[in-house]
**Q** 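Mind looking over this structure? Questions follow.
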Amino acid sequence: LKTRSYLAQVHDRFCYQRFAEQVDMALRLAALRRFAKSVPLGLPSPQVVSLKASVKNLGDSVKGFKVSKYFEEKYFWEKANVGPFFLLLLFTPTIYRSLKDAYWTRQLRKMNTEEIISDRYDWLKVSMIQDEVEAELLKQVPSGGIQPLQLGAASPP
């Protein structure tokens with residue numbers, strides 16, 4: 001009997017380790033599912049209730065936003081969260097440049113595609129004209145074909 005190579009043994013060890021990790025993960029998920037606090041059907045869990053409440057509060061705060069109140073001097077400097085406003089001011093040139101570059105890249109890509117299609121149609125038109133010219137020239141060839149031009153005697157002296 002031949003002994004297995006070192007690489008085969010390493011491969012087997014690696015496969016066993018992966019299998020053991022997968023079994024460990026499956027057991028961990030099964031235990032988590034088994035010992036997790038169950039919620040009867042139809043009743044929302046506490047996490048879902050708190051998430052819904054926070055989304056509702058966010059919606060109410062967005063609805064209650066008034067630009068005139070936000071930019072009132074006393075409120076702006078003492079109570080308002082001015083971080084997003086100044087970040088917007090700081091990054092406006094970068095945002096503008098990025099949007100402009102994205103727009104022109106898209107337009108030029110579109111124009112490039114149109115040019116490629118136009119070039120293909122031009123090539124097709126020229127090829128069709130060449131085919132027509134060749135067909136007309138082939139019609140003018142004599143029945144025996146074109147005889148080669150011979151200079152001098154046919155055989156050596």
Side-chain angles (χ1 to χ4, degrees), residues 1-140:
L1 296 175
K2 288 188 172 183
T3 60
R4 295 181 54 174
S5 71
Y6 176 73
L7 289 176
Q9 292 173 359
V10 170
H11 179 265
D12 289 346
R13 226 177 296 140
F14 175 73
C15 290
Y16 176 76
Q17 286 175 348
R18 285 193 60 204
F19 177 73
E21 290 170 359
Q22 290 173 350
V23 168
D24 183 44
M25 185 171 58
L27 290 175
R28 196 173 334 130
L29 288 174
L32 185 69
R33 182 176 288 172
R34 166 71 180 96
F35 297 111
K37 199 176 208 180
S38 62
V39 177
L41 288 176
L43 294 178
S45 68
Q47 293 94 356
V48 172
V49 172
S50 84
L51 180 64
K52 285 182 179 178
S54 65
V55 168
K56 187 174 183 180
N57 289 341
L58 176 67
D60 292 340
S61 67
V62 169
K63 287 179 186 174
F65 178 77
K66 294 183 179 174
V67 176
S68 60
K69 181 181 176 189
Y70 182 81
F71 285 106
E72 186 179 278
E73 187 174 355
K74 186 174 183 183
Y75 182 82
F76 185 79
W77 291 115
E78 293 177 4
K79 297 179 185 173
N81 181 9
V82 295
F85 176 72
F86 283 112
L87 286 175
L88 179 68
L89 281 180
L90 179 68
F91 289 113
T92 295
T94 305
I95 294 168
Y96 172 76
R97 194 174 307 117
S98 299
L99 291 175
K100 186 178 75 171
D101 289 347
Y103 171 78
W104 283 113
T105 300
R106 184 170 181 226
Q107 293 295 4
L108 291 174
R109 190 174 293 142
K110 185 177 173 184
M111 187 179 73
N112 191 19
T113 303
E114 290 171 357
E115 285 180 358
I116 289 171
I117 292 170
S118 174
D119 288 347
R120 288 181 182 170
Y121 277 119
D122 290 344
W123 172 84
L124 181 61
K125 184 179 175 185
V126 168
S127 295
M128 288 171 61
I129 291 172
Q130 284 178 349
D131 291 343
E132 290 176 9
V133 169
E134 287 175 4
E136 283 299 318
L137 288 175
L138 286 175
K139 286 180 186 175
Q140 296 175 6

**Q** Could you pull out every donor-acceptor pair under 3.5 Å between side chains of residues 109-123 and any protein atom, sequence neighbours left out?
**A**
unit_1: Thr113; atom_1: OG1; unit_2: Arg109; atom_2: O; d: 2.9

**Q** Residues two or more places apart in sequence or in another chain: which of them pass side-chain contact (heavy atoms from CB on, under 4.5 Å) with Lys52?
**A**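 side-chain contact (heavy atoms from CB on, under 4.5 Å) list for Lys52, sorted by chain: Val48.
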
**Q** Does a salt bridge link Asp24 with Arg28, judged by any charged N lying under 4.0 Å from a carboxylate O?
**A**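 Result for this pair is yes, salt bridge flagged.
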
**Q** How about Gln107: does its CD atom have over 12 heavy atoms from other parts shown lying under 6.0 Å from it?
**A**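 Buried by this count: over 12 neighbours within 6.0 Å.
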
**Q** Roughly how far, to the nearest 0.5 Å, is the OG1 atom of Thr92 from the CZ atom of Arg97?
**A**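 The distance works out to 11.5 Å.
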
**Q** For Glu136, which residues count as a salt bridge (charged side-chain N to carboxylate O under 4.0 Å, His left out) partner, sequence neighbours excluded?
**A**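 So Glu136 forms a salt bridge (charged side-chain N to carboxylate O under 4.0 Å, His left out) with Lys139.
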
**Q** For Val126, which residues count as a side-chain contact (heavy atoms from CB on, under 4.5 Å) partner, sequence neighbours excluded?
**A**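 For Val126, the residues satisfying side-chain contact (heavy atoms from CB on, under 4.5 Å) (neighbours in sequence not counted) are Gln130.
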
**Q** For the atom pair NZ (Lys66) and CD (Glu72), what is the distance rounded to the nearest 0.5 Å?
**A**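 Reported value, rounded in 0.5 Å steps: 11.5 Å.
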
**Q** Not counting sequence neighbours, which residues clear ring pair (Phe, Tyr, Trp, His ring centres under 6.0 Å) with Phe85? List them please.
**A**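 Counting only residues at least two positions away or on another chain, Phe85 forms a ring pair (Phe, Tyr, Trp, His ring centres under 6.0 Å) with Phe71, Phe76.
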
**Q** Output the distance between atom OG (Ser98) and atom NZ (Lys100), rounded to the nearest 0.5 Å.
**A**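 Ser98 atom OG to Lys100 atom NZ measures 10.5 Å (nearest 0.5 Å).
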
**Q** Return the set of residues passing side chain to side chain donor-acceptor pair (under 3.5 Å) with Asn57 (not counting sequence neighbours), or none when no residue passes.
**A**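 Not a single residue meets the side chain to side chain donor-acceptor pair (under 3.5 Å) criterion with Asn57.
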
